[in-house]
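One structure below.
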Amino acid sequence: MTAAVPATALPQATPRRARRPASRPKAAVPLPPPPPAADADPDFRALDRALRATAARMTQGLSPSVLLEAWTDWALHLSASPGRRLGWALAAADAAGQFAVWLAEASATGDAAPLVDPQPGDHRFADPVWRQWPHVAVAQAYLLGERLLLDAARRVPGVARQHENELAFLFSQWADVLSPTNVPWLNPVIIGHTLQEGGANLARGWLNWMEDAGRLMKGALPAGAEEFQVGRDVALTPGSVIYRNRLMEVIQYAPATPTVHAEPVLIVPAWIMKYYILDLRPENSLVRWLVGRGHTVFMVSWKNPDAGDRDLSLDDYRRLGVMAALDAVTAAVPGQRIHACGYCLGGTILSIAAATMARDGDDRLASLSLLAAQTDFAEAGELMLFLDERQVSLLEDLMWTQGYLSGGQMSGAFQLLRPNDLIWSRFIRDYLLGDREPMTDLMAWNADATRMPARMHGEYLRGLFLENRLSAGRFAVEGRVVALRDIKVPIFALGTARDHVAPWRSVYKINLFSDTAVTFTLVSGGHNVGIVNPPSAERGSYQILTRQHDQRYVDPDTWAASAPSHGGSWWPAWEEWLRSIGQTAQVAPPRPSTTLCPAPGEYVHQA
């Protein structure tokens, strides 16, 4: 085992010296943290921050003032809108009347067409027993009440749009909690299982709850995750760690073909996750699939930061992450341009790095692939409900005491976006029916959470989510603004149809801010399942269409209506795109000049 190669020892492209502007706009300079008030005692400020951090732990990072302000705004404006109150009351009376008539017909005949259907994607009442009398009456009463409750949050004159969305979210959480599917004596599925098993399901559910509670208190992985150990059951593609610094490792995967494509592929995953989602089992590993088709693949494996890494910045992830990885690949495959691919946050930081390289004349990239990665955050989906000044300030106080944001604290927010799928369905299955859903490799990976350094996460939330600096032309790297339109290499951008983290219409916006050919692909599935979809699975579908740099912009809905659809995995389409824009030359596989340890490396094992 040899020592790590220092980044400074690696060959780098000579940047073109750019003329500095005579004056520098203030907006282009990264904002420093706000100074303490002149009349504030620093010790008292620390006390305030500690108290707010304690409150943040109790609320899983959700600011109480957000809900209080939303509720106050709604209540005050509703009290001043008698017409809106009258309209809602009449709608409730009309719904009650319709339900009474329907109930009489359904009780007499035992069969009646439902008054209201669940929303698309709502599977709580999918079991056929819910369509039988009298359970159908319970379901219909709930669905009518849910519709009225959610309608109450909307269309109140004068309420701020943000407050309206926050209150609608709160009302939907209440509605989910009150669902009859969560009540054992109202859910016919639970009743049937309990009668059939003589209550054994409830006993199993109690044992499941005890096991889960014990694991949670110990900080252990969920039940069954031990069946998917990194390096033994997942992350099995052969390779070597060729570079390591304080932030990441670079893995070079061993060739699987006699010759390889001349230009290598570098994959930059998100640091909110461990890289091996792209190298799970051999049958669903994107890395192994690419290597098997003659590509030389390099992967960034991020360190799982702890309190000692609290001062790592967003630019450190660009400099010590993306740029250091590019230097390592250049040293391993000298003289070749690189196909860079970023997934989720990895795609965002890769876009920033690519724009910086274009600004400075660094032409080492052959192409840029962005998988479920946002470059504009104006329409970043439901996550924006959790991200305003109040929320970010509370999270900063929480990270100030810890030095990081833990994976559990992040996962709580993601679960609230899909409570029926991620919270209540599991509650019913595991604790009331007493059944464990079999652990899968993807589920085990999802439980292997990582942390986010305090400084980096604060800069990311403020600079990108809150202020949207990158697409607005106000994001500065080393004191100078970068622009996405400077990127001239071909771009492959991919969005997933059911993405709650990076909505596909937000990902699509790269078309607005780029001045190069963009091949956009929309795949079925969600943020993770849509990506991990090997051709052998024979599932899913995708749409794909290329817009040349001199063609007019097409809005996302028009694009979706016109882009041709294909069945199966998107992997072959991406690999064909890589070959079409790259060199056709086949060369002997490059051998690692430095081997620090075998893949999957050391950082991926950090808990």
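- At least one donor-acceptor pair closer than 3.5 Å links the side chain of T516 to the backbone N or O of V489.
- Side-chain atoms of E467 never come within 3.5 Å of backbone atoms of R474 as a donor-acceptor pair (strictly under, hydrogens ignored).
- For the pair Q548 (side chain) and D550 (backbone), a donor-acceptor distance under 3.5 Å is absent.
- Proximity of the aromatic rings of W559 and F520 is defined here by a centroid distance below 6.0 angstrom, and this criterion is met.
- Ion pairing between R288 and E283 fails under the 4.0 Å rule for side-chain N and carboxylate O.
- Y343 meets the ring pair (Phe, Tyr, Trp, His ring centres under 6.0 Å) test with H527; sequence neighbours excluded.
- A donor-acceptor pair is defined here as one N or O able to donate and one able to accept, closer than 3.5 Å; such a pair exists between the side chain of N245 and the backbone of L320.
- A salt bridge is defined here as a Lys NZ or Arg NE, NH1 or NH2 lying under 4.0 Å from an Asp or Glu carboxylate O, and D486 with R359 fails to meet this definition.
- One finds a salt bridge joining K274 and D448 here, because a Lys/Arg side-chain nitrogen approaches an Asp/Glu carboxylate oxygen to under 4.0 Å.
- Classification of R246 and D316 as a salt-bridged pair fails, no side-chain N sitting under 4.0 Å from a carboxylate O.
- Under the 4.0 Å criterion applied to side-chain N and carboxylate O atoms, R318 and E478 are assigned as salt-bridge partners.
- Side-chain rings of F298 and Y253 stay apart, their centers remaining 6.0 Å or farther from each other.
- Salt-bridge check for R244 with E602: passed, with a basic side-chain N closer than 4.0 Å to an acidic carboxylate O.
- One finds the SG atom of C341 at 8.0 Å from the CG atom of L350 (value rounded to the nearest 0.5 Å).
- For W574 and S369, the side-chain atoms include at least one donor-acceptor pair closer than 3.5 Å.
- Y460 meets the ring pair (Phe, Tyr, Trp, His ring centres under 6.0 Å) test with F465; sequence neighbours excluded.
- In this structure, the side chain of S240 does not engage the main chain of Q252 through any donor-acceptor pair within 3.5 Å.
- Atom CG of L314 sits about 14.0 Å away from atom CZ of R462, to the nearest 0.5 Å.
- Taking 4.0 Å as the cut-off between side-chain N and carboxylate O, R505 and D557 count as a salt-bridged pair.
- Taking the charged nitrogens against the carboxylate oxygens, R293 and E575 have no contact shorter than 4.0 Å, which rules out a salt bridge.
- A distance of 5.5 Å separates SG in C597 from CD in E249, rounded to the nearest 0.5 Å.
- A side chain to side chain donor-acceptor pair (under 3.5 Å) with E263 is found for exactly one of H295, H339, R579, Q336, namely H339.
- I531 places a side-chain heavy atom less than 4.5 Å from the side chain of L494.
- In this structure, the ring of W271 has its center less than 6.0 angstrom from the ring center of Y317.
- R480 has a carboxylate O that lies under 4.0 Å from a charged side-chain N of D360, or vice versa, which qualifies the two as a salt bridge.
- Under the 4.5 Å side-chain criterion, counting only non-hydrogen atoms from C-beta, V482 is in contact with L470.
- Separating the OG atom in S565 from the OH atom in Y542 is a distance of 9.0 Å, to the nearest 0.5 Å.
- Salt bridge annotation for D306-R451: absent, with no cationic side-chain nitrogen under 4.0 angstrom from a carboxylate oxygen.
- For the residue pair T521/W570, the side-chain donor-acceptor check at 3.5 Å is not satisfied.
- Side-chain N/O atoms of D327 and T330 include no donor and acceptor closer than 3.5 Å.
- There is a side-chain donor-acceptor pair under 3.5 Å between H261 and Q586.
- Under the rule for a ring pair (Phe, Tyr, Trp, His ring centres under 6.0 Å), the partners of W571 that lie at least two apart in sequence or sit in another chain are W289.
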